[in-house]
Amino acid sequence: VSENPRDAQAFRDLATAHQAEGNTDDAIEALESFVALRPKNVDGLRELAALYLAKTSEAQQEAQIADFRAAYTAPGATIASTIVIDGKPLDPDPISSAVNERLSQAVNAALAEAQSAASKSVEVYRRIAAASPGDPNVQLELAQAAQNAGDSATAIAAYEKFVKIAPDDPTVPEVKRIIKELKSS
């Protein structure tokens with residue numbers, strides 16, 4: 001890759017090697033370079049979207065673990081705030097407070113990383129949809145990724161396009177229910 005930075009296949013191979021090693025961030029970086037060189041390569045875009053979804057899941061798991069760790073290692077901060085004496089909550093001990101604050105920061109950082117990765121997966125699915133505008137499955141994937149990322153407007157638009165492209169699909173009633181639910185919230 002360093003010797004031939006315009007070789008798309010080299011970036012694809014590098015991404016595959018990073019995935020085999022479990023290096024999601026490095027695989028994403030290599031695939032980003034690949035799709036920059038081959039912007040209409042739907043397989044590469046799908047793989048990139050899948051990596052962003054995997055990164056979202058990894059970050060959500062990190063947040064959950066940090067949250068559990070906070071509950072286990074700094075219970076004093078949580079318990080003290082629930083005890084009220086003379087109308088005032090009990091002050092937590094400084095060590096529990098410091099540990100709780102540090103772990104809360106870890107939770108928030110992991111959640112921010114998950115949200116960022118989820119948003120990037122939506123952007124990649126938009127690129128896939130632009131490259132394959134008549135593919136109902138792409139619209140469904142875009143809608144689901146957008147819904148999981150909290151982007152209701154994009155999810156609704158993609159679900160509606162799915163219904164328009166594939167009106168006879170057996171999942172249309174469920175998709176219409178989801179659209180109605182998203183519009184009401």
Side-chain angles (χ1 to χ4, degrees), residues 11 14-36 44-84 89-129 137-159 174-175 177-185:
F11 281 107
L14 180 61
T16 301
H18 283 306
Q19 285 180 63
E21 293 292 320
N23 300 326
T24 305
D25 290 338
D26 293 333
I28 287 172
E29 185 179 331
L31 266 178
E32 284 284 3
S33 296
F34 172 77
V35 298
L45 289 167
R46 280 186 182 277
E47 192 173 335
L48 181 59
L51 285 174
Y52 277 125
L53 291 175
K55 185 175 173 92
T56 300
S57 180
E58 289 170 9
Q60 288 170 336
Q61 286 178 333
E62 286 176 32
Q64 192 174 37
I65 289 168
D67 197 34
F68 288 144
R69 191 172 290 139
Y72 178 74
T73 58
T78 305
I79 293 169
S81 66
T82 63
I83 300 173
V84 178
L90 188 63
D91 291 330
D93 71 277
I95 293 172
S96 289
S97 293
V99 169
N100 191 48
E101 176 64 26
R102 184 172 180 201
L103 291 170
S104 291
Q105 289 172 352
V107 169
N108 291 336
L111 289 174
E113 184 177 352
Q115 183 60 42
S116 174
S119 295
K120 288 177 182 175
S121 74
V122 171
E123 290 304 316
V124 174
Y125 275 116
R126 281 186 177 136
R127 292 166 61 187
I128 296 168
N137 292 327
V138 170
Q139 292 303 319
L140 199 55
E141 291 166 359
L142 170 58
Q144 291 167 341
Q147 186 177 0
N148 290 335
D151 184 350
S152 294
T154 299
I156 290 167
Y159 279 132
E174 177 64 14
V175 169
R177 185 196 62 76
I178 293 169
I179 292 169
K180 184 177 179 182
E181 185 179 297
L182 287 171
K183 285 183 175 181
S184 69
S185 58

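- For the pair Ala146 and Ala155, the tightest heavy-atom approach, listed with the atom from each and the gap, is CB-N, 3.6 Å.
- Between Ile128 and Ala49, the shortest heavy-atom contact is CD1-CB, 4.4 Å.
- Across every non-hydrogen atom of Phe34 and Gly44, the tightest pair is CE2-CA, 3.9 Å.
- Expressed to the nearest 0.5 Å, how far CG of Leu14 lies from CG of Asn23 amounts to 10.0 Å.
- With sequence neighbours excluded, the residues that form a side-chain hydrogen bond (donor to acceptor under 3.5 Å, both in side chains) with Lys55 are Asp25, Glu113.
- In this structure, Ser104 OG and Asp67 CG are separated by 8.0 Å, a value rounded to the nearest 0.5 Å.
- Proximity of a side-chain donor or acceptor of Ser116 to a complementary backbone N or O of Ala112 within less than 3.5 Å is not detected.
- Partners of Glu29 by side-chain hydrogen bond (donor to acceptor under 3.5 Å, both in side chains), not counting sequence neighbours: none found.
- Atom CG of Leu31 sits about 9.0 Å away from atom CG of Leu45, to the nearest 0.5 Å.
- Gln147 and Tyr159 form a side-chain donor-acceptor contact under 3.5 Å, judged by distance and modelled atom types alone.
- When all heavy atoms of Gln139 and Ala129 are compared, the pair lying nearest together is NE2-CB, 3.5 Å.
- Across every non-hydrogen atom of Ala106 and Ala66, the tightest pair is CB-CB, 4.1 Å.
- Under the side-chain hydrogen bond (donor to acceptor under 3.5 Å, both in side chains) criterion, Glu47 pairs with Arg12, Gln19, sequence neighbours left out.
- With Thr56 contributing its side chain and Ala118 its backbone, the two residues share a donor-acceptor pair below 3.5 Å.
- Checked against Ile156 for a side chain to side chain contact (heavy atoms under 4.5 Å, CB included), the options Ile178, Leu182, Asp151 give a single hit: Leu182.
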Step by step, would you call Val35 with Arg127 a side-chain contact (heavy atoms from CB on, under 4.5 Å)? CA-CA 10 Å; Val35 298; Arg127 292 166 61 187; 3.4 Å; yes

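- When every heavy atom of Ser121 is checked against every heavy atom of Leu53, the shortest pair comes out as OG-CD2, 3.5 Å.
- With rounding to the nearest 0.5 Å, the separation of CG in Leu142 from CZ in Arg126 is 6.5 Å.
- To the nearest 0.5 Å, atoms CG (Asn137) and CG (Leu140) are separated by 6.5 Å.
- A salt bridge between Lys120 and Glu123 is absent, with no side-chain N of the basic residue lying under 4.0 Å from a carboxylate O of the acidic one.
- Rounding to the nearest 0.5 Å places CD of Gln60 at 8.0 Å from CG of Asn148.
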